[in-house]
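The next block holds one structure in the form of structure tokens; read it before the comments.
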Amino acid sequence: MYCRDCGAKLSLRFLENEGLIPYCEQCGAFKFPFFPVAVSMTVVNRAENKILLARHTGEESYKLFAGYIKKGESAEKAIPRELREETRLTAIKWRYHASRYHDAKDVLMLNFIVTADEGEIVLNDEIEEAHWFSPEEAKERVVKGSTAEYFLLGALSELGRKK
């Protein structure tokens with residue numbers, strides 16, 4: 001591990017109430033681990049009876065839509081931007097659902113339930129396919145035990161309670 005400010009090698013030092021934390025001798029400061037934050041979107045139609053899933057280019061399984069939050073951007077600004085960039089669909093409304101650390105990409109995922117229009121889907125080069133599925137079909141298509149499944153099942157449960 002190296003300091004993101006000066007490049008010096010970090011050592012672990014005990015910090016009360018925190019435990020072992022990377023420390024930079026050159027800066028004289030603790031350097032808490034930094035990792036990116038992304039939005040994950042359980043995209044539903046207005047009737048909330050369909051889920052939009054994506055299959056990324058070169059991958060076999062379907063996932064929820066997601067994207068990194070850019071520097072200076074809020075999660076609420078990233079949602080409509082990411083959905084528009086990837087599908088050209090409009091995010092009508094959204095609400096926070098849950099968060100989870102996603103080890104495979106070393107990222108904190110913030111999941112939102114996003115209501116989108118059902119207009120024509122125009123994909124960018126990141127996405128090979130995107131389709132609306134019934135909740136049952138969506139549960140079958142996502143990878144079992146994945147972060148996508150965790151968010152999808154939680155969102156479907158929340159949507160079910162709402163009705």
Side-chain angles (χ1 to χ4, degrees), residues 1-44 51-87 89 91-116 123-128 130 135 138-139 141-162:
M1 292 184 293
Y2 295 90
C3 178
R4 65 181 173 270
D5 295 316
C6 73
K9 189 164 178 61
L10 299 175
S11 60
L12 291 178
R13 185 180 279 188
F14 183 79
L15 178 61
E16 192 171 336
N17 298 320
E18 296 289 343
L20 290 174
I21 303 296
Y23 185 82
C24 179
E25 296 290 341
Q26 195 161 328
C27 294
F30 286 96
K31 302 294 181 164
F32 284 84
F34 171 80
F35 54 88
V37 180
V39 291
S40 165
M41 297 170 274
T42 304
V43 180
V44 299
I51 310 293
L52 185 64
L53 296 179
R55 189 171 63 74
H56 286 77
T57 303
E59 296 184 12
E60 293 182 24
S61 60
Y62 282 87
K63 298 178 180 176
L64 300 178
F65 285 85
Y68 288 102
I69 297 171
K70 294 180 178 181
K71 184 176 179 176
E73 182 178 54
S74 68
E76 294 81 3
K77 293 283 187 195
I79 292 163
R81 177 186 55 75
E82 279 292 333
L83 189 63
R84 191 106 180 112
E85 283 176 9
E86 294 180 351
T87 66
L89 294 179
I92 299 163
K93 63 180 180 174
W94 49 89
R95 66 183 181 277
Y96 175 76
H97 169 250
S99 66
R100 186 177 195 191
Y101 175 72
H102 183 63
D103 192 45
K105 300 257 181 163
D106 191 29
V107 63
L108 177 64
M109 303 293 292
L110 306 177
N111 182 253
F112 291 81
I113 298 172
V114 179
T115 303
L123 303 174
N124 69 9
D125 59 355
E126 295 175 44
I127 311 291
E128 199 164 306
K139 286 190 278 189
R141 302 233 190 240
V142 297
V143 175
K144 305 299 176 236
S146 67
T147 300
E149 182 189 49
Y150 173 81
F151 286 143
L152 176 63
L153 295 177
L156 290 174
S157 177
E158 187 174 313
L159 290 167
R161 285 193 303 268
K162 195 179 122 187

From [X] atom [atom1] to [Y] atom [atom2], the distance as rounded to the nearest 0.5 Å:
| X | Y | atom1 | atom2 | value |
| --- | --- | --- | --- | --- |
| Lys63 | Thr147 | NZ | OG1 | 9.5 Å |
| Phe112 | Met41 | CZ | CE | 10.0 Å |
| Asn111 | His102 | CG | NE2 | 12.5 Å |
| Glu82 | Glu126 | CD | CD | 7.0 Å |
| Arg13 | Phe30 | CZ | CZ | 6.0 Å |
| Met109 | Tyr101 | CE | OH | 12.0 Å |

Heavy-atom side-chain contact between [X] and [Y] under 4.5 Å:
| X | Y | result |
| --- | --- | --- |
| Tyr62 | Ile51 | no |
| Leu156 | Lys139 | yes |
| Lys31 | Met1 | no |

Considering all heavy atoms, the nearest [X]-[Y] contact:
| X | Y | value |
| --- | --- | --- |
| Leu123 | Ala130 | CD2-CB, 3.7 Å |
| Glu73 | Tyr68 | OE1-O, 4.2 Å |
| Val143 | Glu149 | O-CB, 3.5 Å |
| Val107 | Pro36 | CG2-O, 3.1 Å |
| Trp94 | Glu76 | CZ2-O, 3.4 Å |
| Ser11 | Glu25 | OG-OE2, 4.0 Å |

May I ask you to decide if Asp125's main-chain N or O and Thr57's side chain share a donor-acceptor pair within less than 3.5 Å?
->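 Yes, the answer is positive, given that a donor and an acceptor are paired below the 3.5 Å cut-off.
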
Glu158 (side chain) donor-acceptor with Gly154 (main chain) under 3.5 angstrom =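 No; zero donor-acceptor contacts below 3.5 Å.
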
Counting heavy atoms not belonging to Glu60, are there more than 12 under 6.0 Å from its CD?
->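 No - once you tally the heavy atoms of other residues, nucleotides and ligands closer than 6.0 Å, there are 12 at most.
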
Phe65: which of Thr87, Leu89, Leu53 passes side chain to side chain contact (heavy atoms under 4.5 Å, CB included) |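 Among the candidates, only Thr87 passes.
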
